[in-house]
Chemist: 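Let me begin by handing over the structure; questions about it come next.
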Amino acid sequence: MRDERYDVQRVETKWSDRWQQDPALYAAEPNSTKPKYYVLEMLPYPSGALHMGHVRNYAIGDALARYMWMNGNNVLHPMGWDSFGLPAENAAIANNTPPRVWTLRNIDNMKAQMKRLGFGYDWSREVTTCFPEYYRWNQWFFLKMYERGLAYRKKSKVNWCPKCCTVLANEQVVNGNCWRHEDTPVEQRELEQWFLRITNYADELLRDLEKLGGWPEKVRTMQRNWIGRSEGALVDFELGGTVGPAGSKITVFTTRVDTIYGATSVQLAPEHPIVADMIAKNPDLRAKVDQLIAEQRKAKEVGDIGEIEKHGVFTGRYAKNPFNQEALPIWVANYILMDYGTGAIMSVPAHDERDYEFAKKYKLPLRLVVLPLGGDTEETAMDPPLPFVAEDGLVVNSGEFSGLTSSQALKKMAEHAEKNGFGKATVTFRIKDWGVSRQRYWGTPIPMLFCEKDGIVPVPEKDLPVLLPENVEITLTGGSPLSRVPEFVNATCPKCGGPARRETDTMDTFVDSAWYFYRYTDAHNDQKPFDSATVAYWFGDRGIDQYIGGVEHAILHLIYSRFWTKVMRDLGLVKNGEPVERLFTQGMVIKEGAKMSKSLGNVVTPDEMVARYGADAARLYSLFAAPPDRDLDWQDSGIEGIQRFLGRVYRFVMRNARPGSAEWRQPVPKQLSPQARQVQRKLHQTIKRVTDDFRGRWHFNTCIAAIMELVNELYATEDNNGQSSSAIPLPLLAEVQRDLILLLAPFAPYIAHELWETLGEHGNLLRAPWPKYEPELAKEEEIEIPVQVNGKVRGRVRVPADADQALVEQRAFADEKIKAAISGKKILKKIYVPGKLLNLVVQK
RNA sequence: GCCCGGGUGGCGAAAUUGGCAGACGCACGGGACUUAAAAUCCCGAGUCCUUAACGGGACGUGCGGGUUCGAUUCCCGCCCCGGGCACCA
């Protein structure tokens, strides 16, 4: 009798070895006539080892890829390594190992882990971003952008992380701290930096979010906030007196120019350039302004700039409101930010919360210039509670604009300002150009030269790649490590042949991940980043069919990728305007309600799980324990249950497979015993549930639960000897086992392959057709209808599935419990929901 | 403060269109097998009250209201947890 215990390690290593000997197994097919499907999981940083979050991410993607293969698609399912980055340099210092060696060792280890976990990737397309074969195209794109004015150099205040010893993009600053060092405040430094003009695309990036119906609303909202489009007007206030250069003026940005007659002061950011001029003329101001700057910096560092106590100082100067020629006092205030708008505002205390608070504190006048629109009582209309900030209202006390609504006035006043040369309607964005220079070694060298004679000169395309030199001494201080490598720095100017100095900064690693998924389609092209026709095949008009990753990349990686795609489209390289059609963001893996971390000692590692329970169990549990979009609380006892379930599947098949029997491949008889019908019905209901979820909401936890129910049903047919009941004809027993294995295959490929063989199947399981759901066979013949009396269930009746109301009522009225519940009461109403329930409403 | 999620047994969760709340799994209890244990198989189980027992009853999806024959599901008001944004002018 074949009833051995499931030897997970034996079976999994057997198949793992077989799969590795067959590289074509998971490869996309060339010249395929099948529909294409591109499923992608976010590539990992090779930090050393996979964690459970990776396992969950890849288990979702791999299940989908396998489902798509089984449904006859030509699937592209690649994997790669986001392998530039600072941790490699830290490790180099700590272990005295070159970043390249450390990185490649990690890749080897993580790749072995992935293979052991059974993820089906097309390794022939593997992309490793730290290889010159890849990063030369980063450099190529950079040159293309430079040609088009999309890459430029400017001196600017930048975010500097003292731990990384490098610059951070705005996106990499979290609450004033470094995104990698959450306890390290970012410093401001003035540096010459390379920027990519993402702001050129700000409007399109915002607009196209509307097209991304396959993205989570949450991610779209985050991007919308990040882009931060705001319509308003610029208005010039001329400076009175002699401060500043002759004829100088302060330009304010406002979204509410309709309230400009209510302005009672002008407020400047402490770091506004004109403040420096004022200090020069009036040194008494310096101490106070310095204090405001300090307050602002401190608040930014702590991350509560939103709660800073408002302070300000009057400069003693006045500026002229161009609408009514009124001289307004100029103040410097700590709640005005230099990096938004123009760093200057007009203060309208009657119609702005912040201005109101400030004006109250410093006893500045309030002037009401907008009243509520009709509908309000006369009294509140004339005297609304202040500040009155409603979006629309009636403009009053505003010269020729009085009587207009706010929305009319916004337009008219902007036009008026433009006609008279002191302002215009404008749009500002919160998003800034992407600073890509990093003063680090382990990244893509920026392909630029500095020549004393010719200035900034791009490296000619034919000289790419600019190779990252080996054997570079790495320290975390003193700026770019490359600047200390003379062989690298000293170059020849391609224009004049004279000496030139090479750019020693490297690129932000988000450049690498901004376009890597295009490279997978044509990973070995040494003439171009990729062949456009090949990309067109895999991306279609709308991008990657399904992208899966963590929500932590909602703005950084995903906004850069969208930008890069639009640039490539404008370069004529791709046709799609967006990189990703459908995006899925999975939840985090936590343990005992907390993030897994070494300090909490609650880390569960994939290696440990594979060794104890096997890859199938680890994958299945990570899909079973919660719906994939929610956080998953890892419980060791939970994975034990999955292990038990896999053992049940294994033992059932080992006991009931009869591939040698003559009947094994016969068609299932039409006439079946009730018990056999029950099994057949359950099978088709299960096929429907699993298939529907793959096509729809991806609640794999309920798919797996459904498969468990099917297995429980099968166990219920077994007699005491562990033999399936003779009431189940062999052809049906064969079919239900085959389909069970097929349904399980996307989630637990190892056991599925093993048992597929046990069932006498020799073909490739990955290409076996997905089981077909037949509604007729899934149908119940008899159903139970709950009968309610006044909304409470008082009994149940069994009726044929197609019973009409009359029959249900007849059975209900014959039921003792129902009779008792309604005896002597008048029936007011009968509600019958076909196939669902009968509710009798009786007099109380 | 604003915008998204979420709140259901001892625990992870399910209920897809307003129709039997708690599928599936964990932990737990009982039984079978065993010299014994492990493994395995079977059975039980929301809470409370009641009954010798079979059974019966009430309550129950964060809280308070509402709509409805009927609400975990829809509406209004609140509380708590997680995430994002935040003097953005």
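Quick note on labels: first sequence line is chain A, next is B, and so on, each numbered from 1.
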Chemist: Please state whether the phosphate of G5(B), meaning OP1 or OP2, lies under 4.0 angstrom from any side-chain nitrogen or oxygen of K218(A).
Modeler: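 Result: no.
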Chemist: Rounded to the nearest Å, what distance is computed from the CD atom of residue E640(A) to the P atom of nucleotide C28(B)?
Modeler: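 The answer, rounded to whole Å, is 10 Å.
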Chemist: Counting only non-hydrogen atoms, which of residues 261-268 of chain A are less than 4.0 Å from RNA chain B?
Modeler: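 RNA chain B contact set from residues 261-268 of chain A: none.
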Chemist: Under 4.0 Å, counting only non-hydrogen atoms across every strand here, what does K688(A) touch: a base, just sugar-phosphate, or nothing?
Modeler: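 No contact.
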Chemist: Between Q188(A) and N159(A), does any side-chain donor sit less than 3.5 Å from a side-chain acceptor?
Modeler: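 Short answer, yes.
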Chemist: Decide, for G46(B), between syn and anti: a glycosidic angle within 90° of 0 counts as syn, anything else as anti.
Modeler: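 Anti, angle beyond 90° from zero.
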Chemist: Take atom P in C2(B) and the same atom in A21(B), then report the distance between them in whole Å.
Modeler: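 The answer is 37 Å between these two P atoms.
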Chemist: Do the side chains of E357(A) and K360(A) get close enough for a salt bridge, i.e. N-O under 4.0 angstrom?
Modeler: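 Salt bridge between E357(A) and K360(A), a charged N being under 4.0 Å from a carboxylate O: no.
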Chemist: Tell me if the NZ atom of K361(A) is crowded by more than 12 foreign heavy atoms within 6.0 Å.
Modeler: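 Yes, because the 6.0 Å sphere around NZ of K361(A) holds more than 12 heavy atoms from other groups.
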Chemist: So that I can tick it off, tell me whether E713(A) and R681(A) are bridged by a salt bridge, with the cut-off set at under 4.0 angstrom between side-chain N and carboxylate O.
Modeler: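 Not counted as a salt bridge, because no side-chain N and carboxylate O are separated by less than 4.0 Å.
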Chemist: Scan side-chain atoms only and decide if Q223(A) and R220(A) contain a donor-acceptor pair under the 3.5 Å cut-off.
Modeler: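 Checked: Q223(A)/R220(A) side chains show no N/O donor-acceptor pair below 3.5 Å.
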Chemist: So do Q296(A) and M338(A) actually touch side chain to side chain, heavy atoms under 4.5 Å?
Modeler: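 When only atoms from C-beta onward are counted, Q296(A) and M338(A) do not touch, as no gap falls below 4.5 Å.
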Chemist: Quick one, give me the B/S/- string for nucleotides 18-25 of chain B, reading 5' to 3', where B means a protein heavy atom under 4.0 Å from the base and S means that only happens at the primed atoms, P, OP1 or OP2.
Modeler: -BB--BBS
Chemist: Identify the residue among F694(A), F624(A), Y67(A) that makes a ring-ring contact (aromatic ring centres under 6.0 Å, His included) with F747(A).
Modeler: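 Of all the options given, the one that passes is F694(A).
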Chemist: Working to the nearest 0.5 angstrom, can you tell me the gap between R798(A) CZ and E782(A) CD?
Modeler: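 The CZ atom of R798(A) sits 4.0 Å away from the CD atom of E782(A).
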Chemist: Taking the same atom, C1', in U73(B) and in G66(B), what whole-Å distance lies between them?
Modeler: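 Those two atoms are separated by 15 Å.
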Chemist: Cation-pi between K688(A) and Y773(A): NZ/CZ under 6.0 Å from ring centre and within 45° of the ring axis?
Modeler: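 That pair qualifies as a cation-pi contact.
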Chemist: Nearest whole Å is fine: how far is A14(B) P from I707(A) CD1?
Modeler: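 The distance from CD1 of I707(A) to P of A14(B) comes to 16 Å, rounded to the nearest Å.
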Chemist: Looking only at the side chain of Y715(A) (C-beta and beyond, no hydrogens), which of the listed nucleotides C41(B), A39(B), C85(B) gets closest?
Modeler: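 Looking only at heavy atoms from C-beta outward on Y715(A), the closest nucleotide is C41(B).
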Chemist: In whole angstrom, give me the gap between the P atoms of G84(B) and G9(B).
Modeler: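 My reading of the P atoms in G84(B) and G9(B) gives 27 Å.
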Chemist: Should the pair R651(A)-E718(A) be classified as a salt bridge under the 4.0 Å nitrogen-to-oxygen rule?
Modeler: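 Looking at R651(A) and E718(A), the cut-off is not met.
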Chemist: Around E231(A), counting heavy atoms of other residues, nucleotides and ligands shown, do more than 12 lie under 6.0 Å from its CD?
Modeler: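 Not buried by this count: 12 neighbours or fewer within 6.0 Å.
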Chemist: Does K819(A), at its NZ atom, have more than 12 non-hydrogen atoms belonging to other residues, nucleotides or ligands within less than 6.0 Å?
Modeler: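 Yes, NZ of K819(A) has more than 12 neighbouring heavy atoms, counting only those of other groups under 6.0 Å.
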Chemist: Can you tell me if R220(A) touches the phosphate of G84(B), counting only side-chain N or O atoms and a distance under 4.0 Å to OP1 or OP2?
Modeler: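 Negative; the distance criterion is not met.
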Chemist: So what's the dot-bracket for RNA chain B: Watson-Crick or G-U pairs under 3.5 Å, [ ] if a pair crosses, | if it pairs off-strand?
Modeler: (((((((..(((......[....))).(((((.......))))).(((((....)))))..(((((..]....))))))))))))....
Chemist: Distance between the C1' atoms of U40(B) and G57(B), in whole angstroms?
Modeler: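 40 Å, rounded to whole Å.
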Chemist: To the nearest Å, how far apart are E231(A) CD and C88(B) C1'?
Modeler: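 It works out to 15 Å between those atoms.
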Chemist: Whole-Å distance between C2(B) C1' and R224(A) CZ?
Modeler: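 Nearest whole value for this atom pair: 15 Å.
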Chemist: Distance check needed: C88(B) C1' versus Q296(A) CD, whole Å only.
Modeler: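 To the nearest whole Å, that distance equals 13 Å.
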Chemist: Take atom C1' in G10(B) and the same atom in G82(B), then report the distance between them in whole Å.
Modeler: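 Comparing C1' positions in G10(B) and G82(B) gives a spacing of 23 Å.
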Chemist: Please confirm whether R354(A) makes a cation-pi placement over Y335(A), using NZ or CZ under 6.0 Å from the six-membered ring centre and within 45° of the ring normal.
Modeler: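 No.
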Chemist: Provide the distance between the two C1' atoms, one in U17(B) and one in G6(B), to the nearest whole Å.
Modeler: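 Each nucleotide's C1' atom is 23 Å from the other's.
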Chemist: Contact class for P627(A) vs. all strands (heavy atom < 4.0 Å): base, sugar-phosphate, or nothing?
Modeler: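 It contacts sugar-phosphate atoms only.
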Chemist: C1' atom, U47(B) versus C85(B): distance in rounded Å?
Modeler: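 Rounded to whole Å, the distance is 42 Å.
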Chemist: How many whole angstroms separate atom CD1 of I590(A) from atom C1' of G5(B)?
Modeler: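 Interatomic distance, CD1 of I590(A) to C1' of G5(B): 14 Å.
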Chemist: What interatomic distance, in whole Å, is found between C1' of G70(B) and the corresponding atom of G55(B)?
Modeler: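 It comes out at 27 Å once rounded to the nearest Å.
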Chemist: Nearest-Å distance, OH (Y340(A)) to C1' (C88(B))?
Modeler: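 About 4 Å, once rounded to whole Å.
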Chemist: Across the strands shown, which category fits R794(A) at heavy-atom distances under 4.0 angstrom: base, sugar-phosphate, nothing?
Modeler: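 Contact class for R794(A): sugar-phosphate only.
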Chemist: If you compare every side-chain N and O of K792(A) against the phosphate oxygens of G57(B) (OP1, OP2), does one of them come in below 4.0 Å?
Modeler: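 Answer no for this pair, as no side-chain N or O of K792(A) is under 4.0 Å from OP1 or OP2.
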Chemist: Let me know, please, whether R354(A) or N225(A) comes out on the 5' side of the other along RNA chain B by nearest nucleotide.
Modeler: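 Nearest-nucleotide comparison on RNA chain B picks N225(A).
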Chemist: Nearest-Å distance, CD (E552(A)) to P (G83(B))?
Modeler: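 After rounding, the gap between these two atoms is 13 Å.
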Chemist: Is D693(A) paired with R697(A) through a side-chain N to carboxylate O contact shorter than 4.0 Å?
Modeler: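 Looking at R697(A) and D693(A), the cut-off is met.
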